[in-house]
Novice: 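Structure in structure tokens, see below.
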There are 2 protein chains.
Amino acid sequence: MRKTILLYALLLALLIFLLKVLEYKFFVRDLSLEFYIGVVALLFTGLGIWVGLKLTRKKNPIPPSPGGKFVPNESALQQAGISPREYEVLEGMAQGFSNQEIADKLFLSINTVKTHTSNLFIKLDARRRTQAIQKAKALGLIP
Amino acid sequence: MRKTILLYALLLALLIFLLKVLEYKFFVRDLSLEFYIGVVALLFTGLGIWVGLKLTRKKNPIPPSPGGKFVPNESALQQAGISPREYEVLEGMAQGFSNQEIADKLFLSINTVKTHTSNLFIKLDARRRTQAIQKAKALGLIP
DNA sequence: AATGCCTTCACCCAAAAGTATGATTCTCAT
DNA sequence: ATGAGAATCATACTTTTGGGTGAAGGCATT
């Protein structure tokens with residue numbers, strides 16, 4: 001970003017310099033203020049468009065693509081210290097279930113599910129369930 | 001588009017007019033050629049950025065997708081009737097961002113993001129963002 | 001017996017997400 | 001030019017999540 005700004009400033013300086021040269025060399029100043037402005041406007045509009053295009057470019061992460069049946073990465077699981085029960089809750093989350101639904105499925109109270117999710121967030125360093133899912137996938141914990 | 005160009009021309013004309021007025025009223029022309037240019041440059045850079053953003057919003061469907069990058073299932077997208085903007089929000093969701101974070105990234109208000117997510121839920125027949133992500137993945141909409 | 005971890009559950013509070021409704025603007029195709 | 005759809009934003013309200021704290025029973029290990 002710093003580089004871009006610098007380039008920007010340099011370009012502007014160069015432009016002014018060129019105009020000054022024109023001004024004193026050929027005495028065409030009075031005749032073409034509009035021309036100057038037009039040129040500058042055109043140039044910087046182009047520059048602006050370029051910047052705008054730069055801004056809207058976004059990147060896309062490349063996730064691992066599985067083959068057949070999924071096998072959770074045991075070492076990553078242990079590394080994160082995720083317990084069996086927590087893992088079950090994680091699976092439910094990834095499948096798009098609400099805490100209440102997970103609780104029903106696992107015959108738990110919603111409070112217990114919340115405890116598990118909270119612990120999962122800490123262990124996965126996530127602040128939202130969507131983020132936890134994302135990270136768990138990146139670690140190969142879930143398909 | 002015609003309107004945009006017209007606006008553009010009008011703005012340029014107005015600017016030149018203003019500068020002319022300044023020139024003849026206050027005789028500050030010589031002192032501030034750089035100033036003029038700076039103002040014009042700034043203005044039109046902003047305009048250019050705006051135009052750039054506008055442009056990428058429309059002609060986007062074919063972003064640079066070299067080998068390895070994910071290509072969304074276009075037919076599934078159309079089938080679900082998901083608009084480009086909604087898709088961007090969907091991507092943000094899948095990457096674990098909160099509505100506020102998505103809003104910041106896309107220069108939107110959180111309300112707009114909520115509208116998009118609500119529409120996504122209807123189109124994907126989901127009741128939660130985690131479920132929407134799950135379904136979108138199943139449809140090959142997102143990696 | 002003491003310690004540590006897992007599992008279970010409760011309560012409270014705050015923040016985020018989701019729902020519903022309505023409005024404006026712009027673009028596009030008819 | 002008219003109408004449909006996209007995109008934007010707002011306001012108000014409900015539900016779900018998430019965070020913090022505490023606690024009790026079970027099961028290993030020390």
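Chain letters run A, B, ... following the sequence lines, proteins first and then strands; every chain starts at 1. Side chains included, hydrogens not; waters and symmetry mates left out as well; all remaining heavy atoms used.
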Novice: Measure the CD1-CG distance between I133(B) and L141(B) for me, rounded to the nearest 0.5 Å.
Specialist: 12.5 Å
Novice: Between dG18(C), dT8(D), dT7(C), spot the one nearest the side chain of R85(A), thanks.
Specialist: dT7(C)
Novice: Can you tell me if H116(B) touches the phosphate of dC9(D), counting only side-chain N or O atoms and a distance under 4.0 Å to OP1 or OP2?
Specialist: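 For dC9(D), OP1/OP2 do not have a side-chain N/O of H116(B) under 4.0 Å.
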Novice: Nearest whole angstrom, please: distance from the P of dT17(D) to the CD1 of I133(A).
Specialist: 11 Å
Novice: Round to the nearest Å and state the distance from E86(A) atom CD to dC5(C) atom P.
Specialist: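 Rounding to the nearest Å, CD of E86(A) and P of dC5(C) are 13 Å apart.
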Novice: For T117(B), report the nucleic acid contact type (base, sugar-phosphate, nothing); a contact means any heavy atom under 4.0 Å.
Specialist: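 The answer is nothing, as T117(B) stays clear of every strand by at least 4.0 Å.
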Novice: Please state how far atom CD in E88(A) lies from atom P in dC6(C), giving the value in whole angstrom units.
Specialist: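 After rounding, the reported distance stands at 15 Å.
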Novice: Consider side-chain contact (heavy atoms from CB on, under 4.5 Å). Of T112(A), N99(A), L106(A), which one does V89(A) pass it with?
Specialist: L106(A)
Novice: Of the residues in residues 94-111 of chain A, which ones touch DNA chain D at a heavy-atom distance under 4.0 Å?
Specialist: S98(A), N99(A)
Novice: What are the two closest non-hydrogen atoms of L124(B) and A136(B), and how far apart are they?
Specialist: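 So the two residues come closest at CD1-CB, 4.4 Å.
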Novice: Taking only side-chain nitrogens and oxygens of S83(A), does any of them come within less than 4.0 Å of OP1 or OP2 of dT7(C)?
Specialist: yes
Novice: Is it true that, when you exclude K105(B) itself, more than 12 heavy atoms of the residues, nucleotides or ligands shown sit nearer than 6.0 Å to its NZ?
Specialist: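 Not buried by this count: 12 neighbours or fewer within 6.0 Å.
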Novice: In Å and rounded to the nearest 0.5 Å, what is the OG to CZ distance from S83(B) to R85(B)?
Specialist: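 If we round to the nearest 0.5 Å, S83(B):OG and R85(B):CZ are 9.0 Å apart.
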Novice: Look at the side chain of R128(A) and the backbone N and O of G96(B), then say whether any donor-acceptor pair between them is shorter than 3.5 Å.
Specialist: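 Yes; judged by distance alone, with no hydrogens or angles, the pair exists.
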Novice: Just the rounded figure in Å: distance from P of dG19(D) to CD of Q131(A).
Specialist: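 After rounding, the gap between these two atoms is 10 Å.
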Novice: Using modelled atom types and a 3.5 Å cut-off, is there a donor and acceptor pairing between side-chain atoms of K123(B) and backbone atoms of I82(B)?
Specialist: no
Novice: Side chain of K114(B) only, please: which of dG18(C), dT8(D), dA7(D) is the nearest?
Specialist: dG18(C)
Novice: Quick one: pull up CD in Q131(A) and CZ in F121(A) and give me the separation to the nearest 0.5 Å.
Specialist: 9.0 Å
Novice: In whole angstrom, what separates I82(A)'s CD1 from dC6(C)'s C1'?
Specialist: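 About 14 Å, once rounded to whole Å.
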Novice: Applying salt bridge (charged side-chain N to carboxylate O under 4.0 Å, His left out), name anything that partners E91(A), two or more places apart in sequence or on another chain.
Specialist: none
Novice: Do any of residues 119-130 of chain A sit with a heavy atom less than 4.0 Å from DNA chain D, and if so which?
Specialist: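 Going residue by residue through residues 119-130 of chain A, the ones with a heavy atom under 4.0 Å of DNA chain D turn out to be F121(A), R127(A), R128(A), R129(A).
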Novice: Please determine whether a side-chain nitrogen or oxygen atom of T112(A) lies at a distance below 4.0 Å from atom OP1 or OP2 of dC9(C).
Specialist: yes
